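To keep things clear, I will list the structure first and then write my remarks on it.
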Amino acid sequence: MKAAVFREHGPIDNLEIAEMPTPTPGPGEVLVRVRAVALNHLDLFTREGLPGLKLELPHIGGCDIAGEIEALGVGVEGWHEGQHVVINPSLWCGRCEFCLAGEESLCVRFRILGEHVRGGAAQYVVVPATNLFAIPDEYPFEQAAAAPLVFATAWRSLITQGQLRAGQSVLILGAGGGVATAAIQIAKLAGATVYAASRDEAKRRRARELGADVVLDSNEDFGREIWTLTNKRGVDVVLENVGAATWERSLRSVVKGGRVVVFGATSGPMVQIDLRQVFWKQYAIIGATMSNRREFNTVMRLIFWERKLQPVVDRVLPLDQIREAHRILEAAEQFGKLVLVP
Ligand code: ZN
């Protein structure tokens, strides 16, 4: 099969299209014919190399996959060949205390498709049948592939970890990113007031079209603006994935007793915290990564079967243009997801 691979960690030029063996599904697994695969920041981090991440090379990235079931492994029931699916990109052991409690993203052996194991930037991928989610036949694959990671992450971050409720307010940073485009919609569906910040004027305009009530320029002191706009109160939830570049202003934006949910650190992971602010304002700093199965299935149902949420696709490219797709994402030129078609 054709696949986008890298043979060693490093820059974009390490990516190439190569012939790789088509994988075979083992017991409990399915072979999926990939019809579309979306890029995420983790594809960039995996290509560059992460401390402690040991991969079988050449590596195939890609965790956001939509496609058709091609073949079923031994013991797989309830699925049929030709069925249209998206894939839950989280991989869990099913045996540890967290899995047994239904908290798969806390699994002690937690891995992500396309990061720790070969992913779907290829014509075929093998995944556990428990990771499949059925989608309607008429739903476009290119749009479907843009859904799994960002909507699952945004749902867990806002609804579970952030406890966002109707009538509350949320600040969403990096408004052009995939998770932000999901989070704006989820927060509106939950009945919250949405403040969205971006450095880029065009992205602020699109965030507004997507439902954000107020857009802010993150080149400016948005902490002060939030303070003014909320009558010196602050927002109930801040959704942080930018990290070093926005951290101090994010903490200034949260209400006393509020929640700062961190699900990424794209501008850098090291920040300072004034502990006096933490105990005086009594806010919580909460982490979020991916989702558990219940959250994944809930938000996928809202997208594919209730049509209350819409994956946002920036553009669709052939898989051959994977270098260009990495370049666009690295330069943050996109609004929403970059989708590749093998
Ligand atoms: Zn586990």
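Counting starts at 1 for both ligands and their atoms, in listed order. Model, not experiment: these values are computed from the prediction. Hydrogens, waters and symmetry mates are skipped; everything else that's a heavy atom, side chains included, is used.
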Would you tabulate the side-chain donor-acceptor contacts of residues 101-121 under 3.5 Å, counting partners in other chains and residues two or more places apart, or write 'none'?
from : atom 1 : to   : atom 2 : distance (Å)
E103 : OE1    : R156 : NH1    : 3.1
E103 : OE1    : R156 : NH2    : 3.4
E103 : OE1    : N292 : ND2    : 3.3
E104 : OE1    : R293 : N      : 3.0
S105 : OG     : T289 : O      : 3.3
H116 : ND1    : I112 : N      : 2.8
R118 : NE     : P58  : O      : 3.1
R118 : NH2    : P58  : O      : 3.0

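- Taking E330 as the reference, R47 meet the salt bridge (Lys or Arg N to Asp or Glu O under 4.0 Å) condition, with sequence neighbours excluded.
- Taking the six-membered ring where tryptophan is involved, the planes of F304 and Y139 are perpendicular, since the angle between them exceeds 60° and thus also 30°.
- For the Zn ion (ligand 1), the neighbouring protein N/O/S atoms at less than 2.8 Å, given as residue and atom, are C93 SG, C96 SG, C99 SG, C107 SG.
- The two residues A197 and L171 make their nearest non-hydrogen contact at CB-CD1, 4.4 Å.
- When the salt bridge (Lys or Arg N to Asp or Glu O under 4.0 Å) test is applied to E248, no partner is found at least two apart in sequence or on another chain.
- By the neighbour-count criterion of 12 heavy atoms within 6.0 Å, atom CD of E8 is sparsely surrounded, having that number or fewer from other residues, nucleotides or ligands.
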